[in-house]
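Owing to the predicted nature of the structure, the values given are computational and were not obtained by experimental measurement. Computed over heavy atoms, backbone and side chain alike; hydrogens, waters and symmetry mates excluded. Convention: sequence-line order gives letters A, B, ...; per-chain numbering from 1.
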Amino acid sequence: MTSPLPPSRRATAMALAPRPSRALRPVPSPSAAAAALLASASPLPASRFLQLHAHLLRTGATPLAPAAASAFLSLAAASLPSSRALAVLRHHLTPASVPSTFSCNSILRSLSEPGALSFLRRMRGLGRRGNAFSLAIILKPCCTLAHARQLHANVVTDGHLRDALLATSLMRSYATCGAGDSAHKVFDEMLVKDAVAWNVLITCYARDKRTKDTLRLFDEMKGGESEARPDEVTCILLLQACTSLGALDFGEKVWEYAVEHGYGGELKVRNSLITMFTRCGCVEKAYQVFCETPRKSVVTWSAMISGFAANGFGEDAISAFEEMNKSGVAPDAQTFTGVLSACSHSGLVDEGFRFFDMMRCEYQMMPNVRHYGCIVDLMGRAGLLDEAYQLVVKEMKVAPDATIWRTLLGACRVHGHVDLGEKVIGHLIELKAQQAGDYVLLLNTYATVGDWVKVAEVRKLMKENGIQTTPGCTTVELNGELHEFIADDDSHPRKAEIYGKLDEINRHLRIAGYVPNVSSELHDLDSEGKECALTYHSEKLAIAFALLVMPQRRPIRLAKNLRVCVDCHNFTKVFSGVYNRLVIVRDRTRFHHFEGGQCSCNDYW
DNA sequence: ATAGGGTTAG
């Protein structure tokens with residue numbers, strides 16, 4: 001009869017079978033036979049190994065002869081948990097019985113990171129330096145800065161800098177402990193810098209949010225003296241950097257390079273490109289790339305769905321989701337994040353709840369914090385504030401994060417729900433996550449119900465605690481140059497023209513029915529004073545400037561560091577109709593496309 | 001002789 005297991009499984013089963021008789025047999029010492037026996041032994045259960053160890057000590061078989069010691073220590077490292085193994089190793093490592101480099105490496109492989117490092121130190125102290133393998137083994141899990149530094153020293157003194165893989169591994173270790181500068185130093189020291197080394201360096205910069213340096217590296221890599229040229233991984237990393245910078249022009253240059261060098265068909269590159277376009281507000285370009293991508297993965301679909309969502313095209317996001325289902329690609333958690341955020345950004349309340357149910361029932365997925373965040377937003381829109389609060393504190397299976405509370409706080413402001421707003425800020429404080437913007441939301445909530453006494457209280461509280469609000473700031477990109485505006489800005493060289501233009505725009509918009517929304521102004525001014533303060537918000541100044549300098553028919557692209565305020569939102573909406581201009585505003589979380597007096601996002605205020 | 005190590009999509 002043949003065994004039911006395939007040959008490979010049979011071998012594993014045999015290895016797993018206990019072999020007590022051999023392990024407990026008295027070990028003659030010192031003898032080559034003992035070494036051979038130990039060397040051939042597979043890892044033992046810890047208890048059995050300790051029995052063997054005790055037996056050796058009892059029978060006076062120690063100190064072991066060098067060959068036997070090598071084998072015995074390897075067996076110890078393989079059989080015992082790291083700390084336990086280390087104690088045994090310490091006991092048996094003597095100048096007379098340092099295992100061979102090969103054995104040392106197999107011991108290193110069995111130990112966990114701190115143990116391995118201390119063993120390496122010990123063996124080096126006993127004159128066994130180890131080789132590049134030894135360092136590579138420890139570098140793999142190395143994740144503390146002090147350890148990385150020690151290994152770096154070893155790499156240098158042992159002359160392994162020529163080994164590109166080892167050096168890159170060291171860079172990675174530095175990068176994971178947040179020491180980007182040290183990683184850079186290793187890179188500088190490297191004798192041969194290949195593309196992967198460059199890519200790791202780029203990853204370091206990206207991780208440190210040094211996005212502009214990241215872009216610089218691309219040019220350096222293309223034209224530098226180094227042999228390495230950007231590969232598809234480089235393109236991916238750069239497209240990601242462009243995504244976070246909103247650097248559309250640079251992103252397109254990277255794509256051009258990718259196509260020229262034969263990386264244009266790489267799915268990962270295309271997926272990064274789709275994201276880059278959507279996060280620069282170019283949904284059409286993203287969609288074109290998406291359509292021209294033949295074998296779309298769940299990542300491709302999700303990128304497009306989230307891209308539609310972030311730009312306020314909720315219906316398109318939903319149809320993409322349906323099309324995805326038809327094409328047979330299964331959605332995952334991130335796909336649902338995209339769909340749900342599409343519903344929340346576009347105010348599609350019923351659809352949102354439908355997808356939330358679909359996700360849980362049809363796909364048996366556990367919603368995560370982000371999913372709940374969308375649902376809380378939807379419930380806020382539907383005016384179900386107390387229900388949303390109950391959901392967060394009672395029903396959610398995951399711990400609520402600051403974003404969830406902030407979403408709820410935003411809803412409190414819209415609905416003037418002061419009591420809940422106070423509770424929510426309490427939760428934010430409990431999480432030690434309260435930001436200036438949260439106090440502003442609370443303050444807004446009081447302002448909405450006209451409770452100026454409380455407004456003053458919050459203001460005082462903020463002052464006492466030294467909470468600084470971030471000044472609103474809007475940037476316009478013009479021929480690759482960034483023009484920055486803050487409220488009541490008077491630093492721009494063309495300020496007279498800009499203010500003149502803004503006054504003219506204001507007159508035209510009022511005729512068209514624009515009414516300043518004074519609830520956006522936080523100060524307890526009289527209503528005329530409020531109008532004045534609103535008039536020169538940074539976004540309006542930026543629009544006036546853009547109108548002055550940008551040729552007709554080109555979209556006006558703005559980027560804001562805060563959320564668009566209600567009044568500016570209204571203003572821009574009416575502006576896009578009266579002046580017949582497309583205005584694309586990127587704020588902290590999404591894009592607003594203003595066209596023909598409408599906005600793509602269905603924000604509720 | 002044997003053994004080992006790096007970057008990457010939503």
Side-chain angles (χ1 to χ4, degrees), chain A residues 39 70 74 99-110 116 130-142 151 155 160 162-176 183 186-187 190 192-207 214 217 221 228 230-243 254 258 263 265-279 286 289-290 293 295-310 317 320-321 324 329 331-339 341-342 370:
Chain A
S70 264
S74 304
S100 65
T101 299
F102 178 72
S103 299
C104 282
N105 286 351
S106 80
I107 291 168
L108 285 173
R109 220 174 313 118
S110 313
N131 54 17
F133 282 80
S134 324
L135 296 172
I137 292 163
I138 313 177
L139 266 172
K140 182 158 170 86
C142 169
L151 293 167
V155 168
H160 294 309
R162 195 173 284 282
D163 190 329
L165 265 74
L166 192 56
T168 320
S169 184
L170 182 59
M171 288 176 66
R172 181 205 59 88
S173 296
Y174 271 133
T176 48
V186 177
F187 180 80
M190 282 176 75
V192 186
K193 306 178 206 305
D194 62 8
V196 183
W198 280 91
N199 291 342
V200 175
L201 186 64
I202 291 172
T203 312
C204 288
Y205 277 163
R207 213 184 303 230
T214 310
L217 282 182
M221 205 176 166
D231 61 6
E232 79 275 19
V233 177
T234 319
C235 293
I236 292 165
L237 294 170
L238 276 145
L239 287 170
Q240 289 175 324
C242 293
T243 300
V254 175
Y263 308 128
E266 297 273 342
L267 190 57
K268 287 182 185 178
V269 176
R270 299 184 73 91
N271 292 340
S272 309
L273 182 71
I274 291 168
T275 305
M276 191 278 289
F277 275 137
T278 62
R279 302 280 279 115
V289 176
F290 171 82
T293 302
R295 280 173 297 278
K296 301 175 183 61
S297 70
V298 60
V299 178
T300 318
W301 285 100
S302 306
M304 198 61 238
I305 290 169
S306 305
F308 277 135
F321 179 75
M324 172 183 179
V329 176
D332 65 9
Q334 289 196 63
T335 319
F336 276 106
T337 305
V339 178
S341 77
R370 295 164 141 271

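Taking atom OH of A:Tyr174 as the reference point, atom P of B:dT7 lies 17 Å away to the nearest angstrom. A straight line from CD1 of A:Ile137 to P of B:dT2 spans 15 Å, rounded to a whole angstrom. For the pair A:Asn271 CG and B:dA9 P, the interatomic distance rounds to 10 Å; values are reported in whole Å. The interatomic distance linking A:Met171 (CE) with B:dT7 (C1') rounds to 10 Å, in whole Å. To the nearest angstrom, C1' of B:dT2 lies 15 Å from CG of A:Leu108. The CE-C1' distance, from A:Met276 to B:dT8, rounds to 17 Å in whole Å. Computed from coordinates, the A:Arg279 CZ to B:dA9 P distance equals 16 Å when rounded to whole Å. To the nearest angstrom, P of B:dG10 lies 15 Å from CD of A:Glu266.
Under the 3.5 Å distance criterion, with hydrogens and angles disregarded, no donor-acceptor pair is assigned to the side chains of A:Thr337 and A:Arg370.
In the interface, the side chain of A:Asp332 is paired with the base of B:dG10 through a donor and an acceptor atom under 3.5 Å apart. The base of B:dG6 is paired with the side chain of A:Asp194 by a donor and an acceptor separated by under 3.5 Å. Between the side chain of A:Ser302 and the base of B:dG10, a donor-acceptor pair under 3.5 Å is found.
A:Val329 is not listed as a side-chain neighbour of A:Ser297, based on a closest heavy-atom distance of 4.5 Å or more.
Applying the 4.0 Å criterion to OP1 and OP2 of B:dG6, one finds that A:Lys140 has a side-chain N or O inside that range. A close approach under 4.0 Å does occur between a side-chain nitrogen or oxygen of A:Gln240 and OP1 or OP2 of B:dG10.
Base engagement by A:Ala197 is indicated by at least one non-hydrogen atom pair under 4.0 Å involving a base atom. Note on A:Leu139: nothing from the nucleic acid sits closer than 4.0 angstrom, heavy atoms only. At the heavy-atom level, A:Val298 lies under 4.0 Å from base atoms of the strands shown.
Considering only the side chain of A:Ala132, B:dG4 comes nearest among B:dG4, B:dA9, B:dG10. Here B:dA9 is the nucleotide among B:dT7, B:dA3, B:dA9 with the atom lying nearest to any side-chain atom of A:Ser297. Set against B:dT7, B:dG10, B:dA3, the side chain of A:Asn131 has B:dA3 as its closest nucleotide. Between B:dT2, B:dG6, B:dG4, one nucleotide has an atom nearer to the side chain of A:Ser169 than all others, and that is B:dG6.
Considering A:Ile305, A:Thr278, A:Ile274 in turn, A:Ile274 is the only one that fulfils the side chain to side chain contact (heavy atoms under 4.5 Å, CB included) rule with A:Phe290.
Nearest heavy atoms, A:Ala317 versus A:Ala342: CB-CB, 3.5 Å. Residues A:Thr214 and A:Ala206 share a closest heavy-atom pair of OG1-N, 3.8 Å.
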